[in-house]
Amino acid sequence: MTPAAPKKKKSIREISPIDVYKLLPRTNCGECGEANCMAYATRLVNGELLLADCPQVHTEEYASPREKLEILLAPPVRTVTIGTGDYAMDIGGKYVLQRHDFTYHNPTPIAIDVNDLMKEEELIERVRRIGDFSYNYIGRKLTLNAIAIRSVSNDPEKFRNTVRTVSGASRFPLILCALDARVMAAGLEAAKGRRPLIYAATESNWKEMADLALLHNAPLAVFAPNDLALLRSLVATLLACGIRDLVLDPGTFPDEGLGDTITNFTAIRTAATKQFDDLFGFPLLGVPLTVWAGSELSEDVLKWREAITASMLISRYSDLLIMHSLDGWVILPQLIWRFNLYTDPRKPVSVEAGVRTFGRPDTRSPVLITTNYALTYFTVESDIKSANLDCYLIVADTGGLSVESAVAGRNFTAEDIARALNENNVSSLVSHTTLIIPGLAARLSGETEEATGWKILVGPKDSSGISQFLRDRWPVES
């Protein structure tokens, strides 16, 4: 197996909107939602819109320019799809090494393992728990994404039955884990039509696994633990076989080997995004599950090590994870970190401005105000709901900034508060003219009274104190 020389291609950061504009229809039709084709080209290069957003470029007339655009805009790290239909997941599709250079796309899916030695009742219950796991974080539902089915028995029939059971119990994308091609073939038959990820092709079984990948049109993971030269060689060989959807696993080594793991992941992603190495331009698979192969007696220590390993791999370029633990304290940090890592660093996470109604308020109920930074809003919302308060909450548009930042940056001023009161016609909701502002905006109280004509109460700095504050200060004496 001889690795081919990497091909040089443009980074997305080197593409000018003019390069894209020249290949567009340039009709300024507005079907993409932008005022003109130049505006669309700019947002396309910035990763804010997709090529699919331009209907005209997908007509037969523009087939040739479209092909050139697809090549021009292709990320250095290929996008690979696992699964089908509504439950399909895209991994990879990365353009840059560092998030601050360009928004990361395709958040790292987290797969939880099951194995073919589990009893059917235990298996179905674990699959149910994987599907039901969710957490509401600043208004977003965070969930797990896939199921990894491991062959522990090395028995084709047992693996086939396990895959069939899981396929019947869940529509989640599947990762089939077996190094014996006979076992993998049985699993793929049971997962027909599901397009699972085949895990894995190695130095000793690559030919058989390649044949299965081609036969079932399934993506294939390539496993070469701690040997990047072998990994490149295997990729070159599999590409020559006609396989295009590959996922790279350079090995996940816990404890003392974690340094090597992170070094290998970083080297591969650097080669793909900085040197445009086509052989390393594929999604990376991390397997924090490997910590469970250790000799540590304490389950809690193993779970802690798995959590640490997973967090580091998400940070250092893993496009897919396979984990074991379903404990909230292990999984939630990964889901929240993934959410924050894959938000657009150029855009604060915000909610829509306006008035929110909680409980059953009447004309004498309190009116509070906060900013539209998502974390601020959902924290306030949670505290109000927990206390079962009847009130109105004005959400002011501060460009997605928190209260303290918005006050400091003059994005939340007395004039802004007056505007929010007027635009939302708050005076028609209540018979009083008393407004409660956040404690972190206390310095605005005097100016706000002058700008609004309302009486201003300075509320607590932390929204957890709203309930006690209202018990002590509401209703306000006339």
Side-chain angles (χ1 to χ4, degrees), residues 82-83 87 89 91 104 106-115 118-119 121-150 166 169-175 177 252 254-255 258 261 285-294 296-316 318-343 349 351 373-388 462-464:
I82 303 170
Y87 287 89
M89 62 185 188
I91 62 174
Y104 283 168
N106 300 327
T108 304
I110 297 175
I112 302 295
D113 82 311
V114 298
N115 69 71
M118 298 174 71
K119 295 180 180 178
E121 298 80 8
E122 180 188 4
L123 179 64
I124 291 174
E125 173 60 18
R126 184 164 173 83
V127 169
R128 183 196 64 78
R129 289 182 62 201
I130 294 169
D132 289 347
F133 194 103
S134 68
Y135 180 71
N136 188 287
Y137 177 66
I138 58 172
R140 274 68 169 181
K141 185 178 180 181
L142 308 182
T143 65
L144 297 169
N145 310 97
I147 299 172
I149 307 173
R150 297 190 296 120
V166 174
S170 173
R171 296 304 302 167
F172 269 19
L174 303 177
I175 303 170
C177 306
T252 300
D255 304 327
L258 189 55
T261 302
L285 169 63
V287 190
L289 168 72
T290 56
V291 305
W292 292 87
E296 176 60 54
L297 297 178
S298 168
E299 268 198 17
D300 283 342
V301 171
L302 291 173
K303 291 173 183 177
W304 178 81
R305 287 179 177 172
E306 184 177 33
I308 293 296
T309 303
S311 295
M312 294 186 71
L313 286 172
I314 290 176
S315 303
R316 280 294 174 263
S318 182
D319 299 291
L320 173 63
L321 292 181
I322 299 177
M323 298 183 65
H324 174 73
S325 178
L326 272 171
D327 291 67
W329 65 270
V330 177
I331 297 296
L332 285 180
Q334 320 312 325
L335 299 182
I336 293 172
W337 176 227
R338 176 183 70 183
F339 172 84
N340 286 293
L341 189 63
Y342 280 83
T343 55
V349 182
V351 299
Y373 174 47
L375 185 56
T376 296
Y377 169 75
F378 285 109
T379 302
V380 174
E381 177 195 60
S382 176
D383 288 329
I384 289 176
K385 286 182 175 179
S386 297
N388 294 316
D462 191 307
S463 59
S464 62

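Residue Pro109 comes nearest to Met89 through the heavy atom pair CB-SD, 3.5 Å, listed as atom of the first residue, atom of the second, then distance. Contact record, Pro333 with Gly328: CD-O, 3.8 Å, taken as the closest heavy-atom pair.
Considering only residues two or more places apart in sequence or on other chains, Thr261 meets the side-chain hydrogen bond (donor to acceptor under 3.5 Å, both in side chains) condition with none of them. Applying the side-chain hydrogen bond (donor to acceptor under 3.5 Å, both in side chains) criterion to Asn115, with sequence neighbours excluded, gives no partner residue. Among residues two or more places apart in sequence or in another chain, the salt bridge (Lys or Arg N to Asp or Glu O under 4.0 Å) test is passed with Asp462 by none. Asp327 pairs by the salt bridge (Lys or Arg N to Asp or Glu O under 4.0 Å) definition with Lys303, not counting sequence neighbours. Applying the salt bridge (Lys or Arg N to Asp or Glu O under 4.0 Å) criterion to Asp113, with sequence neighbours excluded, gives Arg126, Arg150. With sequence neighbours left out, the side-chain hydrogen bond (donor to acceptor under 3.5 Å, both in side chains) criterion links Ser386 to no other residue. Contacts of Thr290 classified as side-chain hydrogen bond (donor to acceptor under 3.5 Å, both in side chains), with partners at least two apart in sequence or in another chain: none.
Residues in residues 128-139 take part in these side chain to side chain donor-acceptor pair (under 3.5 Å) pairs, two or more places apart or across chains: Glu125-Arg128, Arg128-Asp132, Tyr137-Asn340.
Residues Ser315 and Trp337 have side chains that bring a donor and an acceptor to within less than 3.5 angstrom of each other.
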Show me the donor-acceptor pairs within less than 3.5 Å that the side chains of residues 373-381 make with the rest of the protein, sequence neighbours left out.
residue, atom, partner, partner atom, Å
Tyr377, OH, Arg356, NE, 3.4
Tyr377, OH, Glu381, OE2, 3.3
Thr379, OG1, Leu375, O, 2.6

Enumerate, atom names and distances included, each donor-acceptor pair closer than 3.5 Å involving a side-chain atom of residues 141-149, sequence neighbours excluded.
residue, atom, partner, partner atom, Å
Asn145, OD1, Ile110, N, 2.9
Asn145, OD1, Arg338, NH1, 2.7

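Enclosure of atom CZ in Phe339 by more than 12 non-hydrogen atoms of other residues, nucleotides or ligands within 6.0 angstrom is indicated.
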